[in-house]
Amino acid sequence: MKVHKLIPSIDWSISSREMQDILNSTHDAIVAVNRKGIIILFNTAAERLLGIKAWKAYGEYARDIIPGSRLHCVLETGLPELNQKQETGGICILTNRVPVRDENNRIVGAVAVFRDMTEIRQLAEEMTCIKEMKNLLEAIINTSQDVISVVDDQGKIIMVNPAYTRVIGMRKDEVVGKPPTVDIRQGESVHLRVMQSMEAVRGVPLKVGPANREVIINAAPLIIDGRLRGSVAMAHDVSEFKFLSAEPNSMQALMSQEQARYTFHDIVASGPVMKAAVENACRAALTPATVLLAGESGTGKELFAHAIHNGSQRKYRRFIRVNCAAIPETLLESELFGYEAGAFSGALKSGKKGLLEEADGGTLFLDEIGEIPSSIQVKLLRVLQEREITRVGGVRTFELDLRIIAATNKNLEDEVRKGNFRKDLFYRISVFPITIPPLRQRCGDLPVLCRHLLTKLNREYGRSVQGIAETAANLLDGYNWPGNVRELENVLGRALINMHFNEYIILPVHLPPLASGKEPGVERECADGSVQTLAEIMEEAERRAITAAVARCGGNRAEAACCLNISLRTLYYKLEKYGLSRGSPE
């Protein structure tokens with residue numbers, strides 16, 4: 001009731017002087033005209049921006065005194081013009097022009113409100129710079145291999161990087177916006193601790209994430225302009241420190257351990273069949289599943305095993321390679337599982353770790369797994385099922401954390417049907433089977449493979465061979481390649497040995513005899529079925545080499561002799577010997 005009594009006594013009207021003071025105090029420039037386009041309002045900001053005194057502007061037509069003004073157009077059309085750029089006096093301004101209507105909706109004037117765009121540009125540049133700095137900071141944090149988490153001044157997680165997800169084992173959406181205790185399984189939050197003490201902490205052990213991962217945390221408060229704005233923490237996986245300190249000399253242990261040398265970038269795959277195999281291997285690398293690599297000998301199964309390990313979370317751990325066919329059956333069990341002291345005659349007094357234990361935390365590559373005898377298959381099955389082993393002659397079990405990649409050139413399903421391979425073990429190792437196609441099925445891969453292998457062989461042999469002649473490439477393309485990529489590398493290596501140092505293109509004469517029974521351009525058998533002698537084969541190869549050199553030099557025999565690294569007289573002698581002198585170009 002007191003309020004209602006007070007309302008009628010208040011004078012809500014504003015005098016023209018008060019209105020003038022209000023308009024002059026605004027930062028934006030304001031110009032108003034009546035229905036004839038004559039200026040009736042010109043505030044202080046307009047004076048400053050346009051460089052025109054108010055007493056000169058009043059009573060003048062806006063179109064005459066303000067260059068570029070369109071207030072007369074707004075009066076004529078009755079339509080507002082919003083966010084318009086206007087050049088005046090060398091200044092670019094942003095203006096809004098609107099008509100003024102009375103209670104009967106008649107146009108009685110127009111108003112322009114404008115501002116110098118310089119301020120807007122500066123503001124936009126500052127915002128762009130801030131945005132770029134923010135993007136740069138996020139990129140740095142996201143590419144860091146250390147686990148980083150950031151908490152705001154309200155005690156909520158606002159940022160985690162991909163390394164956090166990989167090590168801690170929790171997704172970004174599971175922690176952002178939550179308190180910093182959400183990922184802690186044992187210990188207290190270092191974020192809350194540094195925000196309370198306003199001091200950095202180092203080396204705090206915690207167990208975090210669903211897997212109770214042991215980490216060491218360093219954290220510091222974020223203080224900006226003397227005000228606490230949050231905290232940032234960096235975590236390090238303790239298992240890496242344990243791995244390095246497991247040996248007396250941790251760095252020497254890291255250098256001497258088995259490492260996978262190849263990645264998926266080292267696999268040549270331009271055809272669809274090989275691309276599909278690589279894509280499957282990339283998917284397998286992202287999982288802890290046991291992988292079975294099947295394919296003929298020489299297709300690159302070990303290359304795939306290296307790449308899968310290097311593409312997995314275990315890439316910084318050991319990669320142990322075991323060729324099951326190369327270890328005698330009597331030693332295979334002790335090599336794989338290790339043995340206790342006195343387990344058999346000749347055993348070390350201290351016992352010995354097996355290869356399975358050596359690969360703990362990393363990857364074990366079992367090549368030629370189809371050669372493992374049945375007695376060891378049973379023990380290997382237990383390793384895959386229970387993730388534990390018992391050494392030969394021992395009773396104590398050892399828990400293992402390792403990934404197994406197996407490879408074979410046999411058809412294990414046939415071996416299972418024949419009873420040579422256990423069915424339950426087959427199902428355990430073929431969780432993620434990958435078939436690597438033979439070279440004869442890799443359409444379009446041969447030229448790319450040849451270029452890749454020539455680069456490697458040039459580096460090894462100190463040569464600079466640039467390519468393969470079309471005739472030689474056709475011979476390679478028509479061959480069945482039973483030895484696959486390994487045989488192709490062997491053929492190209494022998495071709496480089498057969499070439500002179502001043503030859504840069506592989507010709508048919510440089511290629512060695514292929515397993516089909518034919519040497520390119522040289523018959524290995526006579527028409528009657530008798531086998532040529534070594535001397536006949538060498539003479540035929542020499543004749544073809546001379547013919548090719550003379551043809552390559554355009555008939556210039558001196559140049560051909562130089563290419564063959566023989567004297568011109570010797571060349572003439574051999575041309576006469578093989579009946580090549582008649583009709584030969586000079």
Side-chain angles (χ1 to χ4, degrees), residues 255-271 274 277-278 281 293 295-311 315 319-323 325-326 365 367-368 407 409 436-440 442 444-477 479-516 519-520 541 545 548-549 552 563-565:
M255 296 295 294
S256 64
Q257 71 176 359
E258 294 282 352
Q259 285 291 319
R261 298 190 302 272
Y262 308 110
T263 67
F264 287 113
H265 296 294
D266 297 311
I267 301 177
V268 176
S270 58
M274 194 64 172
V278 173
L293 301 172
E296 297 178 6
S297 179
T299 52
K301 297 186 290 296
E302 183 167 341
L303 186 66
F304 269 74
H306 282 246
I308 291 172
H309 174 78
N310 275 330
K315 62 182 178 181
F319 178 78
I320 305 295
R321 293 166 289 174
V322 183
N323 189 328
F365 174 47
D367 197 9
E368 304 297 347
N409 59 6
I436 304 174
L439 184 55
R440 60 182 174 275
R442 295 171 58 177
D445 279 1
L446 189 62
V448 185
L449 266 173
C450 288
R451 288 195 296 269
H452 178 78
L453 292 174
L454 280 178
T455 301
K456 174 186 175 184
L457 293 171
N458 279 331
R459 186 168 56 249
E460 291 178 358
Y461 294 175
R463 303 296 297 271
S464 56
V465 176
Q466 299 174 359
I468 303 174
E470 184 177 355
T471 52
N474 291 336
L475 290 173
L476 296 177
D477 190 54
Y479 184 55
N480 198 40
W481 298 110
N484 296 293
V485 180
R486 185 181 292 120
E487 183 180 7
L488 175 62
E489 183 175 0
N490 176 277
V491 168
L492 293 178
R494 293 170 67 184
L496 262 65
I497 294 173
N498 291 334
M499 297 173 67
H500 293 290
F501 275 92
N502 56 355
E503 293 179 316
Y504 303 103
I505 301 296
I506 296 177
L507 301 173
V509 70
H510 299 137
L511 296 175
L514 299 179
S516 59
E519 181 182 3
R552 188 166 63 249
C563 291
L564 293 170
N565 199 23

Less than 4.5 Å apart, side chain to side chain, heavy atoms only: is that true for [X] and [Y]?
X    : Y    : answer
T299 : L293 : no
Y479 : E487 : yes
N502 : N565 : no

Kindly give the heavy-atom pair with the smallest separation between [X] and [Y], and that separation in Å.
X    : Y    : answer
A407 : D367 : CB-OD1, 3.5 Å
I505 : A469 : CG2-N, 3.5 Å
L564 : A545 : CD2-O, 4.1 Å
G444 : S270 : O-OG, 3.3 Å
P508 : L475 : CB-CD1, 3.8 Å
G493 : Y461 : O-CE1, 3.5 Å

How long is the span from the [atom1] atom in [X] to the [atom2] atom in [Y], to the nearest 0.5 Å?
X    : Y    : atom1 : atom2 : answer
H452 : D445 : NE2   : CG    : 11.5 Å
I320 : H309 : CD1   : NE2   : 9.0 Å
L454 : E489 : CG    : CD    : 10.5 Å
R261 : N310 : CZ    : CG    : 10.5 Å
I436 : E302 : CD1   : CD    : 11.0 Å
R451 : L449 : CZ    : CG    : 9.5 Å

| task | Check whether more than 12 heavy atoms from other residues, nucleotides or ligands sit under 6.0 Å from atom CD of E460, and answer yes or no. | result |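 Counting other residues, nucleotides and ligands, CD of E460 exceeds 12 neighbours.
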
| request: Go through the steps for I506 and N498 under the test side chain to side chain contact (heavy atoms under 4.5 Å, CB included), then give the verdict. | output: CA-CA 9 Å; I506 296 177; N498 291 334; over 6 Å; no

With a 3.5 Å distance limit and no angle check, can you tell me whether [X] reaches the backbone of [Y] through a side-chain donor-acceptor pair?
X    : Y    : answer
N484 : L439 : yes
W481 : L476 : yes
H510 : L507 : yes

| Run the side-chain hydrogen bond (donor to acceptor under 3.5 Å, both in side chains) check on N458 and S464 step by step: do they pass? | CA-CA 6 Å; N458 279 331; S464 56; over 6 Å; no

| task | Using the side chain to side chain contact (heavy atoms under 4.5 Å, CB included) rule, take Y262 and I267 through it: C-alpha gap first, then chi angles, then the decisive distance, then the call. | result | CA-CA 8 Å; Y262 308 110; I267 301 177; over 6 Å; no

| request: Test side chain to side chain contact (heavy atoms under 4.5 Å, CB included) on V268 and V485 and set out the steps. | output: CA-CA 11 Å; V268 176; V485 180; over 6 Å; no

| task | Go through R463 and L457 one step at a time and tell me if the side chain to side chain contact (heavy atoms under 4.5 Å, CB included) criterion holds. | result | CA-CA 8 Å; R463 303 296 297 271; L457 293 171; over 6 Å; no

| said: Parallel, tilted or perpendicular: which one describes the rings of F319 and F365, with boundaries at 30° and 60°? | reply: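 Rings of F319 and F365: parallel, under 30°.
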
| request: Quickly, which of R486, R442, K301, R440 forms a salt bridge (Lys or Arg N to Asp or Glu O under 4.0 Å) with E296? Name it, please. | output: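 Running salt bridge (Lys or Arg N to Asp or Glu O under 4.0 Å) over R486, R442, K301, R440 with E296 returns exactly one hit, R440.
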
